[in-house]
Each structure stands twice: as structure tokens, then as C-alpha cells.
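Input: a single structure, listed below in C-alpha cells.
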Amino acid sequence: MRNVTIQREKTIVACLSAIKVYLEDPAANELTVCGTPCRLLGTLKNGERKTFSVEEDERRLFVIADRISKDYANEPYLLPAGGQDLFLTGKNCFEPSRGNAFRFAGNNTPQVAQARRRGKKTGLIVLIVAFLVGVAGGSLLMRGVFDREVPKTFTDRGFSITLTSAFRQTEQEPFYLCYDSEKVAVFVLREAFSDYGELEAYSPEDYARFTISANGLDAPLLRTASGILYFEYEEENEEGQCFYHRAYSYRSDDAFWLVQYACRVSDAESLLPRFDAWADTVAFP
């Protein structure tokens with residue numbers, strides 16, 4: 001046997017969630033990840049380091065967030081055969097379509113790159129289907145209650161936003177809060193100062209730029225609407241459908257917040273005034 005030590009670097013991305021470390025093991029088969037039978041080695045909290053005892057033959061590690069997203073939001077790492085102890089580092093990266101999945105540093109083989117691309121496409125499809133298809137039934141039910149959309153305020157866990165009666169509150173890992181309708185999804189991230197004391201010195205602009213830089217976005221420009229900073233980006237699924245995201249940066253007394261609005265690119269132009277209006281209603285009661 002040999003020891004494999006994994007350091008999960010502290011980052012604002014997915015800071016509230018523990019990741020799970022699995023090892024390829026045909027004999028155990030506690031969980032199948034991407035067709036590979038595995039056993040659980042343990043979990044890692046944000047900023048935590050742990051050492052695991054593993055066999056000396058060649059095997060794959062898989063880091064996942066949960067069983068639901070294990071086949072598209074995972075990070076594989078091939079452990080070479082040998083008795084030498086190993087030290088690995090990595091962190092969760094901002095990539096909503098893959099659930100802000102964990103990535104090992106220097107894990108850049110062609111096989112891993114292909115797995116990440118495949119996972120991103122699958123995750124994006126799952127995310128979009130979840131809010132555009134699965135929510136359609138809820139939206140239709142709401143139409144029976146409301147003849148037309150009216151303003152509706154949602155308040156929960158220190159966050160408040162006024163959307164419309166077409167929305168309902170849902171859950172979607174790894175987001176703090178979620179709201180969706182037939183055409184739009186709203187994703188809320190919260191990064192508490194109690195977890196990251198260095199953030200207290202940041203402005204909303206600093207936080208937005210840090211998020212863009214640290215998490216590999218394609219350097220979108222920062223703009224303002226009603227004095228609120230935001231940036232935009234687009235994602236495309238394997239069927240060629242393109243989705244638009246607009247993310248607004250806020251600071252409250254105890255945290256930074258990123259509130260993202262997502263829709264089909266074809267709907268974006270008509271919805272942008274609404275995004276700005278909804279963004280202006282955000283409060284932290």
C-alpha cells in the first residue's frame with residue numbers, strides 16, 4: 001500500500017460543499033462513476049488536506065460532488081503503478097454547466113481534457129433541461145392561477161428579489177438559491193466573509209474581476225446597470241443551442257453575492273431590460 005495526499009485549495013467557488021474522493025476498485029463497487037466501479041476513500045472540505053491509503057497498482061481516482069452529477073461533474077486522475085507516496089493539489093473552478101467541479105492541478109492529459117469537454121456538454125444539457133423542460137409543467141400550472149404575470153417578491157436566507165408570478169423557487173446544486181420560469185433561470189451564489197476574511201477588503205468590482213480571472217472565464221467586460229456591476233457570457237451545448245448569462249455582483253454586510261440570469265440567446269435581447277429591473281430589486285434583509 002502507499003499514501004496519496006490530496007490538498008483541496010481554498011477558493012470561493014463551491015466553498016460550502018464537501019467533495020467526495022473515490023478510487024477505482026472492481027471488487028468493492030460502492031459506486032459506478034463513468035462506467036468504472038469505485039469505493040469511497042473519503043471527503044474533503046474547502047481548504048482541507050487528507051491522506052488516503054491506496055493500492056500500488058495503476059488505478060484511477062475520481063472526485064465528485066454528489067451521486068446525481070457524478071457522470072458529468074467529475075475529475076479523473078490516473079495514479080501510476082508504484083509504491084511511492086503521492087501529493088496532489090486542486091480546487092473547484094467556476095463552471096456552472098459542470099457544477100463548479102473540482103480540478104487537479106497539472107491534470108492535463110488528452111483523456112482528461114476530453115472527459116471535461118464531454119462532462120461540460122452533458123452538464124449544460126442537464127442544467128438547461130432542468131429549468132426549461134422540467135419547469136415547464138410548473139409554469140403551465142401557474143398560468144392557471146395567474147391570468148398575467150404580476151410582481152412577486154421572494155425572500156429567503158438573507159436574500160430578497162422581486163421577479164414575477166411566473167417564477168418559482170427551486171434547488172440546484174451548487175447554488176445558494178434558485179428561481180426559474182419558462183424562459184429564465186436565476187442562480188444565486190453567496191460567499192461569506194466568515195469563510196473568506198480577505199474578501200472584506202474587496203469592492204463589488206474587485207469581487208467580479210476576481211471571479212472572472214480566478215475561474216477561467218473569457219475576460220468579459222464589466223458594465224453597470226443602475227449602478228450595479230455585471231458581466232456577460234454565453235455557453236453552447238453539443239446540439240449547437242446557445243445560452244446567455246448575465247451575472248450581477250453585490251456586497252452585503254457579511255458576504256459577496258453573484259446573481260446570474262440565464263436564457264436562450266434568441267430571447268436575450270427582449271429580456272435584458274427585465275434582468276436590469278430585477279437586479280435593481282435585490283436586497284439583503
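Computed from a predicted model, the values in this text were never measured in an experiment.
Checked against ring-ring contact (aromatic ring centres under 6.0 Å, His included), F256 has the following partners two or more places apart in sequence or in another chain: F193, Y207. In this structure, the ring-ring contact (aromatic ring centres under 6.0 Å, His included) partners of F275, at least two apart in sequence or on a different chain, are Y261. Evaluation of the ring-ring contact (aromatic ring centres under 6.0 Å, His included) rule for F62 yields no partner, not counting sequence neighbours.
No side-chain heavy atom of V186 sits less than 4.5 Å from a side-chain heavy atom of D180. Considering only heavy atoms from C-beta on, K183 stays 4.5 Å or farther from C263 through its side chain. Residues L163 and R274 have side chains not in contact (no heavy-atom distance under 4.5 Å, counting atoms from C-beta outward). Residues T155 and T153 form a side-chain contact, since some pair of their non-hydrogen atoms from C-beta on lies under 4.5 Å apart. With contacts defined as side-chain heavy-atom distances shorter than 4.5 Å, the pair F52/I6 qualifies. Using a 4.5 Å heavy-atom cutoff, the side chains of E205 and L229 are in contact. In this structure, the side chains of P80 and L86 come closer than 4.5 Å at one or more pairs of heavy atoms. Looking only at side-chain heavy atoms (C-beta outward), D206 and R209 stay at 4.5 Å or farther from each other.
The two residues A18 and R8 make their nearest non-hydrogen contact at CA-NH1, 3.9 Å. R39 approaches S53 most closely through the heavy-atom pair NH2-O, 4.0 Å. Taking every heavy atom of both residues into account, G83 and E56 meet most closely at CA-CD, 3.7 Å. Taking every heavy atom of both residues into account, P26 and P37 meet most closely at CA-CG, 3.8 Å. Shortest non-hydrogen contact noted between P151 and T162 is CB-CG2, 4.1 Å. Residues I228 and S249 approach most closely at CG2-O, 4.0 Å, considering heavy atoms.
Applying the side-chain contact (heavy atoms from CB on, under 4.5 Å) test between C38 and each of I64, D25, L61, V33 identifies V33 as the sole match.
Follow the hydrophobic side-chain contacts under 4.5 Å out from L40 and you never reach L79; the two are in separate clusters. Under the 4.5 Å side-chain contact rule for hydrophobic residues, L44 and F87 do not share a cluster. At a threshold of 4.5 Å between side-chain heavy atoms, the hydrophobic network of Ile, Leu, Val, Met, Phe, Trp and Tyr places V4 and Y77 in one connected group. Tracing side-chain contacts under 4.5 Å through hydrophobic residues (I, L, V, M, F, W, Y), one never reaches Y22 starting from F104; they form parts of separate clusters.
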message: Y230 vs V259, test: side-chain contact (heavy atoms from CB on, under 4.5 Å). Steps then yes/no.
response: CA-CA 9 Å; Y230 71 86; V259 181; over 6 Å; no

- prompt: Step by step, would you call E149 with T164 a side-chain hydrogen bond (donor to acceptor under 3.5 Å, both in side chains)?
  reply: CA-CA 6 Å; E149 293 183 19; T164 76; 3.1 Å; yes

- prompt: Can you list the steps and then say if V21 with F102 is a side-chain contact (heavy atoms from CB on, under 4.5 Å)?
  reply: CA-CA 10 Å; V21 182; F102 180 89; over 6 Å; no

- prompt: So E191 and Y202, side-chain contact (heavy atoms from CB on, under 4.5 Å) or not? Walk me through it.
  reply: CA-CA 12 Å; E191 311 294 351; Y202 281 28; over 6 Å; no

message: Pair L177, E171 - check side-chain contact (heavy atoms from CB on, under 4.5 Å), show working.
response: CA-CA 7 Å; L177 293 166; E171 294 185 5; over 6 Å; no

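A side-chain donor-acceptor contact under 3.5 Å links T36 and R60.
Taken from CD in E58 to CD in E24, the straight-line distance is 8.5 Å, to the nearest 0.5 Å. In this structure, E200 CD and D254 CG are separated by 9.5 Å, a value rounded to the nearest 0.5 Å. In this structure, R2 CZ and T51 OG1 are separated by 13.5 Å, a value rounded to the nearest 0.5 Å. We find the NZ-CD1 distance between K152 and I161 to be 13.0 Å, quoted to the nearest 0.5 Å. Taking CG of L88 as the start and OG1 of T5 as the end, the distance is 8.5 Å to the nearest 0.5 Å. Distance check, rounded to the nearest 0.5 Å: CZ of R157 to CZ of R190 gives 8.5 Å.
For R246 and D276, the salt-bridge test passes: some basic side-chain N is under 4.0 Å from an acidic carboxylate O. Salt-bridge check for D57 with R59: passed, with a basic side-chain N closer than 4.0 Å to an acidic carboxylate O. Taking the charged nitrogens against the carboxylate oxygens, E232 and R223 do have a contact shorter than 4.0 Å, which makes a salt bridge.
Relative orientation of the Y250 and F284 rings is perpendicular, given thresholds of 30° and 60° on the angle between their planes.
In this structure, the ring of Y179 has its center no less than 6.0 angstrom from the ring center of W278. Taking the six-membered ring for Trp, Y176 and W257 have ring centres closer than 6.0 Å. Taking the six-membered ring where the residue is Trp, the centroids of F187 and F175 are separated by under 6.0 Å.
N74 places no side-chain N or O within donor-acceptor distance of the main-chain N or O of V63, the cut-off being under 3.5 Å. A donor-acceptor pair under 3.5 Å is formed between the side chain of S181 and the backbone N or O of V184.
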